[in-house]
Amino acid sequence: MESIVVNIEGEVIDSSAGGRNTDDILKRLKKINALALKSGDEYFDISSIGEIKGTGEITAVTIDSKEGLGICRHSTSHIMAHAVKDLYPGVKVAIGPSIEDGFYYDFDIDTPFTPEALTAIEKAMQKIIKRNNPFVRKTMSRADAIKLFKDLGEDYKVELLEAIEADEVSLYEEGGFIDLCRGPHVPGTSSIRAFKLLKSSGAYWRGDEKNKMLQRIYGTAFATQEELKKHIEFLDEVKRRDHRRLGRELDLFSIHDDIGAGLILWHPNGAMIRKTIEDFWREEHIKADYKLLYTPHIAKIDLWQKSGHLDFYKENMYTPMDIDGADYEIKPMNCPFHIAVYKSALRSYRDLPIKYAELGTVYRYERSGVLHGLLRVRGFTQDDAHIFCRVDQIESEILDVLDFTIYVLKTFGFEKYDIYLSTRPEKYVGTPENWEIATEALRAALEKKGLKYETDPGEGVFYGPKIDIKVKDSLNRQWQCSTIQVDFNLPKRFSVTYRASDDNEHMPIMIHRALMGSLERFFGILIEHYAGAFPLWLSPVQVSVLTISERQADYAKEIAASLLRAGIRVETDMGDEKINYKIRQSSMKKIPYAVLIGDKEMEARSLTVRKRKGENISFTDIKNLLSFMREEIESRR
RNA sequence: GCCACCGUAGCUCAGUUGGCAGAGCAGCUGAUUUGUAAUCAGCCGGUCGGGGGUUCGAAUCCCUUCGGUGGCUCCA
């Protein structure tokens, strides 16, 4: 008998040594609630322990690992499909994988699932789990499997099978419910300890809108009820931070039916934050030797013909408007304008790099169903820049952009991010040599900075390779903001050149780059990141001055005026409400500081300041408060 | 765009089988002059998203249209 080496929680057990046989090992695995086994990169069911070939070490997979949790969720999706089949016999099952935070399963059913249906399905699942049906793996030929699922009327499984190349396929059966599946699965249904169905929605078969729309149920599963509870609390926190809700509560922005979907109105509070962000952005760009531009919102259609946008970006562009017999398009991008500025003079190799930056407002058609608050809109302002440089300058320019990006993101409290390098796709423009040079320059810059990144092979845009930076917010959610893209297409289409030292015309490399992406989207992310409690430098109102009674009105006015003169954004509340009420109002507006003014302060000409979280600080006079606040504003904490 | 759900006062939401449109908050007025997250009272506020239909009668049922939400596809 071949020996099996199993690593159970760090203890290595050799089944052939020490008189231990596989039964002992199975007992041990059961004791630690192992869900599956791992040998090399492959996963196996625990029941298949006797069939695993090879002498490599086998590891027990428990729910504590990412893989184990994935297996648990996948098995839960099977149980859900089982329950749905029991409750709705006519339903056909499609696919049901585990995903980032849980799992889903798609069903072909005439009547969509209601919230009550989800509760009923949950109950049915509980019963299945209680029965502890074992997950039994079966293998059969592809032809037999096709016949089996044809007989069961499971058309989608048949379609999947027809696309599978292997001759032999595996199936899993649990309590009479049989499903095509690669596995592995948990040993039995009672291995599922904590799960919840979250929502149902429509989803096209295989994600293609030409196909039939199926009904998808999303759910999640965790190792324990506590962890599940924590996850539900997380979802509540996400709801609490929803930028659309906070946007209304804090009077930041609005969207109106009668103005148009996906079009943002920035209210005074939101506008003040945007102005602060823009000021910071402009200052830093000037320091980094970018030249600022302003360009028009519309341009003749010929420009977009020449740029190629009419060919490859038409579905995102609005229909042209007629001006004096010529068609004009509202701009979806700023690039052609920046190129026009570059081309307005002859450029020498000595002039390069030339870096143009613009907060350019663009309009793109987005299908109504994808619009979402500030995060997905139809009109938005990009923090756009285009760098024209020589090939030998790419790497150092990318290095600068990376530094710049990380500095800007950090200023807004984003300390963690994931970086992706996307390489040449199948359809591309430019020469393979140039792609190689540019891609390696991007890679070299990342390596030099010691930045961890993942390569996405073939995920580049057709016009050049790119680096995407996805920030992680305070809830550890990932958002794509920054992007750095090399472009071989536009310089060629517009015959962009510079005069080189060899006295010939050469084509510069063009780099598109956005740090925040769009101001609207970035603002939405910021609202959720800070939960509306912006740091002092960004807060639209930085201080509220609150009086205890009418007696202190004059002193309060004096304090407010001093703050205002010093450039602090201040508001006063001298109404006849109690101080508790005023503090509550101030906190609900998430104003960082409240200056409380009573008789004590008035007599001593001192100040009592209450921070947003309730902490108190005393200042002997207004000068002390001002320098304290200035320091915090300047450090952008 | 597609599927589902939703749209009632500025906001959050009740409104039973079709039978007189409600509450809290906000706003306004008055009283109150208050020390670290809601003082009390009164008042104002609605073509029930728009249009059409069924009905003696529609917020409620049907059709249509606009918008929102969650997904599907794409993306800043």
Side-chain angles (χ1 to χ4, degrees), chain A residues 104 106 109-115 117 198-218 239 242 244-245 248-249 251 254-262 313 315-316 332-333 360 362 364-384 461 468 470 479-483 485 512-525 546-553 574-590 594-601 608-616:
Chain A
Y104 68 79
D106 286 347
I109 182 170
D110 293 336
T111 49
F113 299 105
T114 58
L198 297 172
K199 61 192 171 198
S200 65
S201 69
Y204 297 104
W205 168 236
R206 299 194 147 175
D208 188 336
E209 63 188 84
K210 287 188 209 85
N211 291 338
K212 185 170 185 186
M213 177 151 294
L214 308 175
Q215 294 303 320
R216 175 173 296 180
I217 301 178
Y218 284 93
K239 254 185 223 160
D242 192 312
R244 293 165 300 183
R245 173 203 183 110
R248 192 176 39 243
E249 284 173 5
D251 199 13
S254 60
I255 303 170
H256 302 256
D257 300 5
D258 43 359
I259 291 174
Y313 209 68
E315 70 273 20
N316 284 92
M333 291 189 189
V362 298
R364 298 181 184 172
Y365 172 72
E366 296 286 357
R367 300 198 290 177
S368 61
V370 305
L371 298 173
H372 180 88
L374 291 172
L375 300 181
R376 196 86 181 142
V377 296
R378 284 179 173 161
F380 58 98
T381 302
Q382 290 184 301
D383 69 317
D384 210 356
V461 205
D468 288 327
K470 297 184 181 178
W479 306 92
Q480 154 121 40
C481 297
S482 320
T483 182
Q485 309 183 346
H512 306 250
R513 155 258 85 148
L515 309 181
M516 299 181 281
S518 89
L519 289 176
E520 284 74 7
R521 185 178 152 80
F522 193 71
F523 185 37
I525 295 166
L546 316 178
T547 53
I548 304 283
S549 79
E550 258 174 17
R551 281 192 305 281
Q552 302 94 27
M574 302 192 289
D576 57 2
E577 296 289 346
K578 288 214 262 191
I579 192 69
N580 289 14
Y581 179 82
K582 295 180 187 178
I583 285 170
R584 179 179 155 84
Q585 293 301 314
S586 182
S587 332
M588 292 212 304
K589 290 185 203 164
K590 303 194 191 287
V595 178
L596 310 186
I597 296 184
D599 288 339
K600 265 193 305 194
E601 287 79 10
T608 300
V609 174
R610 184 189 196 275
K611 292 184 80 165
R612 201 158 33 195
K613 281 180 185 162
E615 183 196 345
N616 268 14

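Predicted, not measured: the structure shown is a model, and the values here were computed from it. Naming: A, B, ... by sequence-line order, numbering from 1 per chain.
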Which nucleotide in the set [options] lies at the smallest distance from any side-chain heavy atom of [X]?
X        : options             : result
A:Arg244 : B:A38, B:U69, B:G71 : B:U69
A:Glu366 : B:G71, B:A76, B:A37 : B:A76
A:Arg216 : B:G68, B:C72, B:U36 : B:C72
A:Asn616 : B:U36, B:G35, B:G1  : B:U36
A:Arg584 : B:A38, B:C3, B:A76  : B:A38

Side chain A:Gln215 and base B:G71 donor-acceptor under 3.5 Å: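 Absent.
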B:C74 base / A:Arg376 side chain donor-acceptor hit below 3.5 Å: yes
A:Glu550 vs A:Asp468, nearer the 5' end of RNA chain B by closest nucleotide: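 First, find each residue's nearest nucleotide; the 5'-ward one identifies A:Glu550.
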5′-ward residue of the pair A:Ser368/A:Asp599 relative to RNA chain B: A:Ser368
Sub-4.5 Å side-chain heavy-atom contact between A:Arg376 and A:Glu366: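 Side chain of A:Arg376 against side chain of A:Glu366, heavy atoms only: contact under 4.5 Å found.
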Residue pair A:Thr547 / A:Glu550, side-chain donor-acceptor N/O under 3.5 Å: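 Their side chains do not contain a donor-acceptor pair, so the 3.5 Å distance test is not met.
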B:A26 OP1/OP2 closer than 4.0 Å to side-chain N/O of A:Tyr581: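 So the side chain of A:Tyr581 is within the cut-off, an N or O lying under 4.0 Å from OP1 or OP2 of B:A26.
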Phosphate OP1/OP2 of B:G68: any A:His372 side-chain N/O under 4.0 Å: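 No, outside the criterion.
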Separation of B:A26 C1' from A:Arg248 CZ (nearest whole Å): 13 Å
Partner nucleotide of B:G19 by Watson-Crick or wobble geometry (both distances under 3.5 Å): B:C56
Watson-Crick or G-U wobble partner of B:A9, both distances under 3.5 Å: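 Its partner is none (no Watson-Crick or G-U wobble pair with both distances under 3.5 Å).
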Base of B:A76 and ring of A:Phe522 stacked, centres under 5.5 Å, planes under 30°: no
